[in-house]
Amino acid sequence: FRIRRGAISYDSSDQTALFIRMLDVRLRSQTGYTLERQVSAEKSEKKVRHESTQRRQHCMLQKVGSWNFDIFLFERLSNGNSLVDLTFHLFSEYGLIKLFRLDLLKLRRFLVIVQEAYHSENPYHNALHAADVTQAMYCYLQEPQLSESLTSCDILLGLLAAATHDLDHPGVNQTFLINTNHYLASLYQNTSVLENHHWKSAVSLLRESGLLSHFPSEDRQCLETRLGSLILATDISRQNEYLSEFRTRLDRAELHMNNSQDRHFILQMALKCADICNPCRPWHLCKLWSHKVTEEFFNQGDIERRLNLDVSILCDRNSNSVAKIQIGFISFVVEPLFVEWARFSDTPLSHVMLGHMTSNKFNWTHLPQKDLRGTTQSTFS
Ligand SMILES: Nc1ncnc2c1ncn2[C@@H]1O[C@@H]2COP(=O)(O)O[C@H]2[C@H]1O
């Protein structure tokens, strides 16, 4: 009697094989399931799940101009490709692909190498921050003062600058690079070291992708120069220079959107706002960003302590708290800028942002510690 495991036999008189085959047939009829059917069921379930994720992502993109846009949820739905998917969508929305005769493949490839040039291990300065800034920039580009006057070149620049403004950020600030004699600090003579690096990295990826290779060289040169002027404006240590110029121009009513230099200055201020707008987002989003940026600060402080360097301001986890950092940042950096932005663009969005900023500052000041803790995901998942 041969021990038999399967129902396949080459001996038609083999009664055992016949018995197993009958058993298998009855089993199939009872459970209706075979291995093949199980695998194909899992495959189609996966396909349905993927299609519903794609549908949810597409549905979110219909509301990409909403200030409550949840970039953390979008990041999950886009499987970690929010910067590529969001920026590509906005290029299409504005008709930039046709207008500038952009090659679709080169555009996609450019956006992918930009997204990959961000450090995903950074808690804050990663591609998701760039996607968040790009979405905020889009909201500002849609404001009447801008949408009624910006040229397509202004819009192309605004989106490119937002997407690339923190390219290849190392997750530490300029002070750290100078104190550790990093080659970038000497390359840029300790001046806007990171912002210069972000700009030059953006230009090199633009050239590598060939995205603008069909542009006349003087147009390409002008775009690269203006891109630098926008990215260099995000150097937070120079905030007061830009802010006092903004105030002066507003006081003297010297901002005319039919003037290209004035439009460029407003794009600089729009990018600056987009770069630090996280305290003006709804509380659940603001809280997530605050914990991420603080984690990055404290990581730097831990390394400085280990290297026996002076621990940079805001980076010492032993003498700082997320709430304390946020209250200071909102009071001395965010509020002064967004008050002037609301003077320039007196719209519902500007007042919604100031409203969130005020209530978020109240939360950081008054909520009990248990309500201020960071959550890993946005609550609206
Ligand atoms: N929520 C926040 N709290 C404190 N600092 C912030 C916050 N968001 C942005 N920043 C700081 O603002 C800076 C803007 O320029 P960077 O992105 O180079 O680095 C950013 C941080 O140092």
Side-chain angles (χ1 to χ4, degrees), residues 71-72 83 118-119 122-134 136-137 161-178 182 184-185 188 191-199 201-202 230-243 268-301 304 311-317 320-338 353 356-361 363-365 372 374:
I71 197 71
F72 297 95
L83 182 58
Y118 281 95
H119 300 194
N122 288 346
Y124 180 83
H125 284 108
N126 50 44
L128 186 58
H129 165 61
D132 186 52
V133 169
T134 305
M137 178 58 112
T164 62
H165 82 283
D166 268 338
L167 211 48
D168 193 32
H169 198 294
V172 288
N173 64 11
Q174 174 170 296
T175 307
F176 185 92
L177 297 178
I178 292 170
H182 195 279
L184 285 177
Y188 297 115
T191 309
S192 298
V193 175
L194 282 167
E195 290 72 23
N196 271 296
H197 178 59
H198 304 322
W199 169 34
S201 304
L230 288 175
I231 294 177
L232 289 176
T234 65
D235 181 351
I236 201 68
S237 68
R238 298 183 58 199
Q239 160 112 330
N240 288 337
E241 288 172 54
Y242 289 94
L243 197 52
Q268 286 177 306
M269 298 317 289
L271 182 58
K272 280 182 54 56
C273 287
D275 194 23
I276 62 169
C277 73
N278 61 83
C280 304
R281 293 282 194 181
W283 173 242
H284 68 284
L285 300 174
C286 157
K287 202 165 64 155
L288 279 167
W289 287 119
S290 304
H291 280 278
K292 288 174 179 301
V293 75
T294 309
E295 183 186 347
E296 195 169 299
F297 288 167
F298 289 172
N299 288 348
Q300 174 177 323
E304 288 170 330
V311 176
S312 299
I313 183 166
L314 306 182
C315 295
D316 188 348
R317 65 174 74 248
N320 278 297
S321 72
V322 183
K324 247 171 77 181
I325 292 172
Q326 292 315 301
I327 293 163
F329 184 64
I330 291 171
S331 307
F332 300 111
V333 182
V334 181
E335 190 165 357
L337 176 62
F338 280 81
M353 291 194 293
H356 283 311
M357 182 194 73
T358 306
S359 68
N360 291 338
K361 182 177 170 183
N363 288 345
W364 289 119
T365 311
L372 298 179

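All values below were derived from every heavy atom in this structure, side-chain atoms included, with hydrogens, water molecules and symmetry-related copies excluded. The first residue in the sequence is number 1, and the count goes up from there. Just so you know, ligand 1 is whichever comes first in the structure, and atom 1 is the first atom listed for that ligand.
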Separation between OG1 (Thr294) and CD1 (Ile325), nearest 0.5 Å, reads 4.5 Å

Between the main-chain N or O of His125 and the side-chain N or O of Asp166, is there a donor-acceptor pair closer than 3.5 Å?
-> no

Residues passing the side-chain hydrogen bond (donor to acceptor under 3.5 Å, both in side chains) test with Asn278, sequence neighbours excluded, are Tyr124

One should read off an interatomic distance between Leu177 CG and Leu194 CG, to the nearest 0.5 angstrom, of 5.0 Å

Do the non-hydrogen side-chain atoms of Cys277 and Phe338 ever get within less than 4.5 Å of each other?
-> yes

Write out each pair where an N or O from ligand 1 and one from the protein are under 3.5 Å apart, with the distance.
residue, atom, partner, partner atom, Å
ligand 1, 1 (N), Asn278, OD1, 2.8
ligand 1, 1 (N), Gln326, OE1, 3.0
ligand 1, 3 (N), Gln326, OE1, 3.4
ligand 1, 3 (N), Gln326, NE2, 3.0
ligand 1, 8 (N), Asn278, ND2, 3.1
ligand 1, 15 (O), Asp275, OD2, 3.4
ligand 1, 17 (O), His125, NE2, 2.8
ligand 1, 17 (O), Asp166, OD2, 3.4
ligand 1, 19 (O), His125, NE2, 3.3

Got a donor-acceptor contact below 3.5 angstrom from the Glu304 side chain to the Ser312 backbone?
-> yes

